[in-house]
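Written below as structure tokens is the structure these notes are about.
Numbered from 1 within each chain, the chains take letters A, B, ... in sequence-line order.
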There are 2 protein chains.
Amino acid sequence: MVRVYTFNDEGELLQEEKDTINQLAKMPMDMLNYNAISVVTNIYRVAQGLKNKMEREVLSKQGLSWTSFSILYDLWIWNSVETKKLAELTAVSKATISNITKTLEKKELVYRKTDTRDRRITYVIITNKGKEVMEDLYPKFHQGEIEIASMLTEKEQKNISKLLRRMIRQNDF
Amino acid sequence: MVRVYTFNDEGELLQEEKDTINQLAKMPMDMLNYNAISVVTNIYRVAQGLKNKMEREVLSKQGLSWTSFSILYDLWIWNSVETKKLAELTAVSKATISNITKTLEKKELVYRKTDTRDRRITYVIITNKGKEVMEDLYPKFHQGEIEIASMLTEKEQKNISKLLRRMIRQNDF
DNA sequence: GTATTATCGTTTCATAGCTAACAGTTTTGA
DNA sequence: TCAAAACTGTTAGCTATGAAACGATAATAC
């Protein structure tokens, strides 16, 4: 759960940090936007926390990483997806997809198949064993999501989702 | 920017996905908590987006990863920190700290020093070159934070931070 | 119709990240 | 006192991650 700043209990940046930034970065304290710092830091911390929680409590049961699980989930939904499409969907590099697919293939959860017409294209296809793994993991994964979000009321959940989607859209994430 | 679910423009899960989950995971659609799905997915997506943006637009100038930057930031503030403390602060394993510290040492941004009294303890200390790197990077990093958060009003920024901090506290992230 | 260009996936090489094993050091306990 | 236990950091061995180079294939241009 990597984080940059140190906050106190009220979510305020420590005075010592403010002073250091002021002196060392030659940035007067009134040039620092504390709200922006807080938004970015807290989003990242929650994201890392939930990734770690899921990998530790759910995905480790099947020896899968978050990204492996994401890819296997896509294949569970779509059955067969081109390597290139997987890279776009999960927004990791094609090299990473290549590696992860290799790992999933070693576990016999997926297999590869070259397109017969355009032989540059490779499809990745989920196996029955892969489907069984997802049938086992998905309900537990979703339970984890519910737990994590349960710290907010339904209204708050809708609200935070709306704000996050705006950030995604306008920042082109 | 790894993500699991596919949403349409309104932030709704695709019907095809609902059906698949329903059939394959034997989870009736009314057992799925869409708000929880949305919260978790969108938080993760924003986090990955901001990490990628920072690494691409800011940190790559000095060849630093997000975690390397976090560690160097801590050292910039505190000057000298024990390896063990760095692992706690950044919440990565001590093995990772060992590796990253080695990389930072190779770049001459930090150096190590063994405690003279308790020789099990190793301090990591920032060099002048490390400080110069932070003086260069930090203002650009903070500018990136401001940009990302600027998609929200000040009131929304305060609100989302409050909700995220509650998730951090109650989930023990 | 062939040469150039574009596309796709893998490989290579580097860092990041984890768990487990290890080595050295200090503390504890009887 | 000194052997056992606890602590700290590194190493070993694995997967994940990306950029760049590469090899194979297909599309384009002339």
Touch class at under 4.0 angstrom, heavy-atom based, for A/Ile97 against every strand present: nothing

Considering all heavy atoms, the nearest A/Ile148-B/Asn171 contact: O-ND2, 3.3 Å

Atom-pair distance (CD on A/Glu55; P on C/dT19), nearest Å: 10 Å

Heavy-atom pair of closest approach, residues B/Trp66 and B/Met54: CZ3-CG, 3.7 Å

Rounded interatomic separation in angstrom, taking CE from B/Met54 and C1' from D/dG18: 19 Å

SB check A/Arg120 A/Asp118 (cutoff 4.0 Å): yes

Interface residues of residues 106-121 of chain A with DNA chain D (non-hydrogen, below 4.0 angstrom): A/Lys106, A/Arg117, A/Asp118, A/Arg119, A/Arg120

Rounded interatomic separation in angstrom, taking NZ from A/Lys102 and C1' from D/dT17: 13 Å

Any A/Thr96 side-chain N or O less than 4.0 Å from OP1/OP2 of D/dG18: yes

Sugar-phosphate, base or nothing in reach of B/Ser65, heavy atoms under 4.0 Å: sugar-phosphate

Whole-Å gap separating P (D/dA26) and NZ (A/Lys84): 16 Å

Nucleotide of C/dT15, C/dA20, C/dT11 approaching B/Thr103 most closely (side-chain heavy atoms): C/dT15

5'-most by nearest nucleotide on DNA chain D - A/Lys94 or A/Lys51: A/Lys51

Distance-only donor-acceptor check, side chains A/Glu17 and B/Tyr73, under 3.5 Å: yes

B/Ser70 side chain to B/Thr67 side chain, donor-acceptor N/O pair below 3.5 angstrom: no

Enumerate, atom names and distances included, each donor-acceptor pair closer than 3.5 Å involving a side-chain atom of residues 127-139 of chain A, sequence neighbours excluded.
| unit_1 | atom_1 | unit_2 | atom_2 | d |
| --- | --- | --- | --- | --- |
| A/Thr127 | OG1 | A/Glu108 | O | 2.8 |
| A/Thr127 | OG1 | A/Leu109 | O | 3.1 |
| A/Thr127 | OG1 | A/Lys129 | N | 3.4 |
| A/Thr127 | OG1 | A/Gly130 | N | 3.0 |
| A/Lys129 | NZ | A/Lys107 | O | 3.3 |
| A/Glu135 | OE1 | B/Lys26 | NZ | 3.4 |
| A/Asp136 | OD1 | A/Lys140 | NZ | 2.5 |
| A/Asp136 | OD2 | A/Gln62 | NE2 | 2.8 |
| A/Tyr138 | OH | B/Tyr5 | OH | 2.8 |

A/Thr122 side-chain N/O to C/dC8 phosphate OP1/OP2 under 4.0 Å: no

Atom-pair distance (CH2 on A/Trp66; C1' on C/dC18), nearest Å: 17 Å

Distance, rounded to the nearest Å, where B/Asn52 contributes CG and D/dT17 contributes C1': 10 Å

Side chain to side chain contact (heavy atoms under 4.5 Å, CB included) involving B/Ser150 - partner list, sequence neighbours excluded: none

Sugar-phosphate, base or nothing in reach of A/Ser93, heavy atoms under 4.0 Å: base

Distance below 4.0 Å between A/Ser98 side-chain N/O and C/dT11 OP1 or OP2: no

Proximal nucleotide (of D/dA19, D/dA16, C/dA16) relative to the A/Ser68 side chain: D/dA16

Integer-rounded Å distance: D/dA16 P and A/Phe69 CZ: 14 Å

Rounded distance in Å - CG (A/Asn99) to C1' (C/dT10): 9 Å

B/Lys85 vs D/dT8: side-chain N/O to OP1/OP2 distance below 4.0 Å: no

